[in-house]
There are 2 protein chains.
Amino acid sequence: MAVAVRTERIFDAAAELFVRYGVAKTTVDEIARAAGISKGAVYLEFRSKDALIEALVRQEMRVYVAAVLARVEADPDGGRLSRIYQHSARELLARPFLRALYTRDADVLGAYVRRGVPRQEATRSLLNNAFVQRLREANLIRPDIDAEVLSQVMGVVSLGLVTAGPSLGGTALAGVLDLVARMLATTVEPPAGQGDVEAGRKAFAELCAGIDAELAR
Amino acid sequence: MAVAVRTERIFDAAAELFVRYGVAKTTVDEIARAAGISKGAVYLEFRSKDALIEALVRQEMRVYVAAVLARVEADPDGGRLSRIYQHSARELLARPFLRALYTRDADVLGAYVRRGVPRQEATRSLLNNAFVQRLREANLIRPDIDAEVLSQVMGVVSLGLVTAGPSLGGTALAGVLDLVARMLATTVEPPAGQGDVEAGRKAFAELCAGIDAELAR
DNA sequence: TTCTGACCCGATCAACCAAATTGGTCAGAG
DNA sequence: CTCTGACCAATTTGGTTGATCGGGTCAGAA
């Protein structure tokens, strides 16, 4: 089997089992069987179970960032903050393993959550201070909005969404996300039509490229 | 010692110890000693440790609701949703035991979290659907905003605030809350000056009275 | 060369018991 | 009468041991 597809199968199997049973209760052998290979084959690619987890985290983040970027690129208004936020939130909510990582879900991550979850900052503050600054330079954010605070607000709301997710229905979540995006649009963005949407899209593309490069490192 | 002040001491001691060591690790004797009385005296007032916890939960909620109401009453703009939300959030953030209840913090509540935390709905959805409806009738909420969704958004954001609280500084939290209130004001409330602020205040007072009556039951 | 699965051994778990702890009681002190 | 703290029963804890499990390896199958 080609290495690339085998790796992908391992990642898929591991992500599903981790979400279902937690990292601690999932054995390498179970992952291997779910991926249709033997345990030994897993160790041909990963030094250890921890290395597998770390690689899975990176992979999930890369796929996530790529998916968000794709949505932004396909969206005519993709360069606006409210749209970017909505796209990132939707994709985050659709990825159980990343959600667990984001909330440091102890049931899923077990002891792994205590040994500092690596590079979680990339998720936690995808839409970070620096990025918000760039949007402001493109006139896509009102000048009286503090970039740092705005970045924190988006992080807090995401955390709330991800945490409340299970107890709200999927449709309710969609409605909630819509209203949040609307709130962002009306109070943080300049009046409709203003601002350089293409610059926003470009800034986001570069942000994603930077994160991806770091994750690929 | 007068029963009332003794009860209050027990509540204070219990709340502090529960937050510090968790419900499971806090013994009734420790609570009694911290309250300056003997264990037996605790059992003069509460049937069991569980009954004490339940009573504490009710008490904390009643004090919380009363504190929010006091802030709302003292605020000239107290009837507006953004103000009410800000006041409730601030008070919630200032109450560690309620925060733990709100997030179902397993470290604090221990096994108690599994035996259905009673009446947590009162906190979770203080600003519930029905209340938002009344604000809308007082022209304090734009007619195109869905009451149910708005109520959920406020719940989600509160959850995010409370969950993220410890990792953000207190000052950062204040800034975040300010921006959230501003977002609520600009997109959910009608333009400044419109709406019957007194009606909003009255509606909130009645909401509080209703909740208090239920908690006192 | 690629991959398997039996094997190794340290970590974990289940079972058990004795000691300590704690929720709850109550005789009697104040 | 109010309240205390010694007391009890029941649960929990700490410690031990033997069995099991699971991460990681590698001889050899395919």
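All chains are named by letter (A, B, ...) in the order of the sequence lines, taking the proteins before the strands, and each is independently numbered beginning at 1. Just so it is clear, the model here is predicted, and its values are computed rather than measured.
Direction of the helix axis in the helix from dT1(C)-dA30(D) to dG30(C)-dC1(D) shifts by 40° between the two five-pair termini, rounded to 10°.
We find that CD of Glu45(A) is positioned 12 Å from C1' of dT2(C), with the value rounded to whole Å. Rounded to a whole Å, the CG atom of Leu44(B) is 16 Å from the P atom of dG23(C). The distance from atom CD1 of Ile37(B) to atom P of dG30(C) is 19 Å, rounded to the nearest whole Å. The distance from atom CZ of Arg33(B) to atom P of dT21(C) is 14 Å, rounded to the nearest whole Å.
Ring centers of Phe11(A) and Phe46(A): under 6.0 Å apart, within the cut-off.
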Legend entry - side chain to side chain donor-acceptor pair (under 3.5 Å) evaluation trace for Gln86(B) with Asp178(B): CA-CA 8 Å; Gln86(B) 195 161 28; Asp178(B) 280 350; 2.7 Å; yes

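The stretch residues 23-37 of chain A participates, sequence neighbours left out, in these side chain to side chain donor-acceptor pair (under 3.5 Å) pairs: Asp29(A)-Arg33(A).
The pair Arg80(A)-Asp77(A) counts as a salt bridge, with a side-chain nitrogen and a carboxylate oxygen less than 4.0 angstrom apart.
With sequence neighbours excluded, no residue forms a side chain to side chain contact (heavy atoms under 4.5 Å, CB included) with Ala209(A). Residues forming a side chain to side chain contact (heavy atoms under 4.5 Å, CB included) with Ala94(B) (at least two apart in sequence, or on another chain): none.
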Protein N or O to nucleotides 21-25 of chain D N or O, pairs below 3.5 Å:
| unit_1 | atom_1 | unit_2 | atom_2 | d |
| --- | --- | --- | --- | --- |
| dG23(D) | OP1 | Lys49(A) | NZ | 3.2 |
| dG23(D) | OP2 | Val28(A) | N | 2.9 |
| dG23(D) | N7 | Lys39(A) | NZ | 3.1 |
| dG24(D) | OP2 | Tyr43(A) | OH | 3.0 |
| dG24(D) | OP2 | Lys49(A) | N | 2.7 |
| dG24(D) | N7 | Lys39(A) | NZ | 3.1 |
| dG24(D) | O6 | Lys39(A) | NZ | 2.4 |

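Between the side chain of Arg99(B) and the main chain of Leu92(B), no donor-acceptor pair closer than 3.5 Å is present.
Listed pair Arg6(A) / dT2(C) fails the phosphate criterion, with no side-chain N or O lying under 4.0 Å from OP1 or OP2.
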Which side-chain N or O atoms in residues 154-165 of chain B pair as donor and acceptor under 3.5 Å with protein atoms at least two apart or in another chain?
| unit_1 | atom_1 | unit_2 | atom_2 | d |
| --- | --- | --- | --- | --- |
| Ser158(B) | OG | Tyr85(B) | OH | 3.0 |
| Ser158(B) | OG | Met154(B) | O | 2.9 |
| Thr163(B) | OG1 | Leu159(B) | O | 2.6 |

